[in-house]
Amino acid sequence: MEYSDNLASNEQVQIDFQGIELHGLNGANGSDGANGIESEIYPGLEEREIVTEFGVPLRVYVHRGSKCCGSIMTYHDLGTNHRSLLRFFNHPDMRVIMDYFTVYHVCAPGHHDTAGPVASEGSVREGLLGSGVGAAATNGSASNTSYAVYGQGRGTVPSYPSLDELAEMLQSVVQAYSISCFVGVGIGAGANILARHALRHSERVLGLFLVNANAHSDNTYYNWLFANYNAEWDRLKHGVLTISAQRALEMHWFGHTESESVDLIERYRRHLLSLCLPNVAGFIQAYNQRPDLGIQRGGRTLPVQTFLLTGSLGKYQAKSLVAMNARCDPSKTEYLIVDEADGMLIEEQPDKAAGYLLGLLRETGLVAFLTPARVREQAIRLSTDALMQRDQPGVDVC
């Protein structure tokens, strides 16, 4: 079901940096710890490391609302971590909504602050889920490969889990927190991972809110994009970020290279540089080598209420979203391509994105009583109170 009828040759400059290492492999970056983006930290997050059944640790950041009615699990995109979602979740409308939820922000392996490379202990890597890895595979054994996190892994080339393996690891988060069911909020690669998890464990997933989602595996823009930068990703595996690789990621985030959001580009660049670059490269490679979701309208498809969202200015993202929607059950799926917006919709138009997410949450029945008008009223009150506190001498407002 189309939520709205709003649907509307990027040349890469090859710049070769001769081994300019911008940051160490452990992602540490001086005393600020987050490379100048500490203001994005949502107050009151609990941090916990969960060792999955595969031996790969996941870092989870939890926000607990005061009147919890349900759970939300988030998963970030390539070249980012949970911080990329915090500004959206700290928007006044979202703060009102999140007061009714416990939110679990999951970081991809090795993407939390000060992480070391995620590396395979063996020289030959086998799929963690056995020979049946893929959208149609069943749960398998984790005994084939042992993973470890090395704090000082300089010179090693990490072997990173696949998207199917990352999706299965979310079961460890569900079990660790005894989550009965949740709504998934994913961006880009994170959207793909949450969709894979829902296909395997639909009994745990109430709904999906997927931004810049892509169900295909080959003959896509992303495969072409990353396949043409293999040399850049090889350097990224060794902690070296070139301008070409950075621009390729910008194309992935925004859906184009013509963004005028200079501050946003710079903030995401700093965000990228605060991460462990070998793990960033591993996540990119896993996404590029992802299998097709294996869904088809009229057959096996996403079994939960799903909202697909992107902006019309990111033309490749919009095409991918339309193609994915065509493979979903129309009775369970809504999609929206927002005019005058690109892949950074939740950053540039958070009020609209919050409204769409609220609609999905209401549809699941978790907060049917929470109307848009009520959210807006409470959000205005929150903003007014924050301004009043800010005007008081000696008072710091987060």
Worked verdict on Asp329 versus Ser331 for side chain to side chain donor-acceptor pair (under 3.5 Å): CA-CA 5 Å; Asp329 182 350; Ser331 68; 2.8 Å; yes
Applying salt bridge (Lys or Arg N to Asp or Glu O under 4.0 Å) to Arg374 and not counting sequence neighbours gives none
Ion pair check, Arg59 and Asp113, cut-off under 4.0 Å: no
ILVMFWY network linking Leu360 to Phe369, side-chain heavy atoms under 4.5 angstrom: yes
For the pair Gln317 (side chain) and His252 (backbone), establish whether a donor and an acceptor sit closer than 3.5 Å, ignoring hydrogens and angles. yes
How long is the straight-line distance from CG of Leu309 back to CG of Leu357, given to the nearest 0.5 Å? 10.0 Å
Let me confirm one number: the CG-NE2 distance from Leu86 to His76, rounded to the nearest 0.5 Å. 11.0 Å
Flag the pair Phe89 / Phe101 as yes when their ring centroid distance falls below 6.0 Å, and as no otherwise. no
Between Arg269 (side chain) and Glu266 (backbone), is there a donor-acceptor pair under 3.5 Å? no
Please identify which of these residues, Phe182, Tyr61, Tyr177, meets the ring pair (Phe, Tyr, Trp, His ring centres under 6.0 Å) condition with Tyr104. Tyr177
Do Phe283 and Asn279 come close enough that some side-chain heavy atom pair is under 4.5 Å? no
Closer than 3.5 angstrom, by distance alone: can the side chain of Arg83 be matched with the main-chain N or O of His112 as a donor-acceptor pair? no
If you apply the rule side chain to side chain donor-acceptor pair (under 3.5 Å), what do you find for Asn81 with His105, and how did you get there? CA-CA 9 Å; Asn81 65 9; His105 297 288; over 6 Å; no
Does any N or O in the side chain of His197 come within less than 3.5 Å of the main-chain N or O of Ile193, such that one atom is a donor and the other an acceptor? no
State, yes or no, whether a side-chain contact exists between Pro92 and Arg95 at a heavy-atom distance under 4.5 Å. no
Considering only heavy atoms from C-beta outward, does the side chain of Leu236 approach that of Leu241 to under 4.5 Å? yes
Are any side-chain N or O atoms of Arg327 and backbone N or O atoms of Thr301, one a donor and one an acceptor, separated by less than 3.5 Å? no
Please check this pair: side chain of Asp342 against backbone of Leu313, looking for a donor-acceptor N/O pair closer than 3.5 Å. no
Ile179 backbone acceptor or donor facing Arg204 side chain under 3.5 Å: yes
Is there a donor-acceptor pair closer than 3.5 Å between any side-chain N or O of Ser172 and the backbone N or O of Glu53? yes
Reported CD-to-OH distance for the pair Glu165 and Tyr160, which is rounded to 0.5 angstrom: 11.0 Å
Is it the case that the side chain of Arg290 and the backbone of His216 share a donor-acceptor pair, with hydrogens and angles ignored and the cut-off at 3.5 Å? yes
So Thr80 and Leu85, do their side chains get closer than 4.5 Å, heavy atoms only? no
Expected output: side-chain Asn214 to main-chain Gly188 donor-acceptor under 3.5 Å: no
Close side-chain approach of Ile72 and Met98, heavy atoms under 4.5 Å: yes
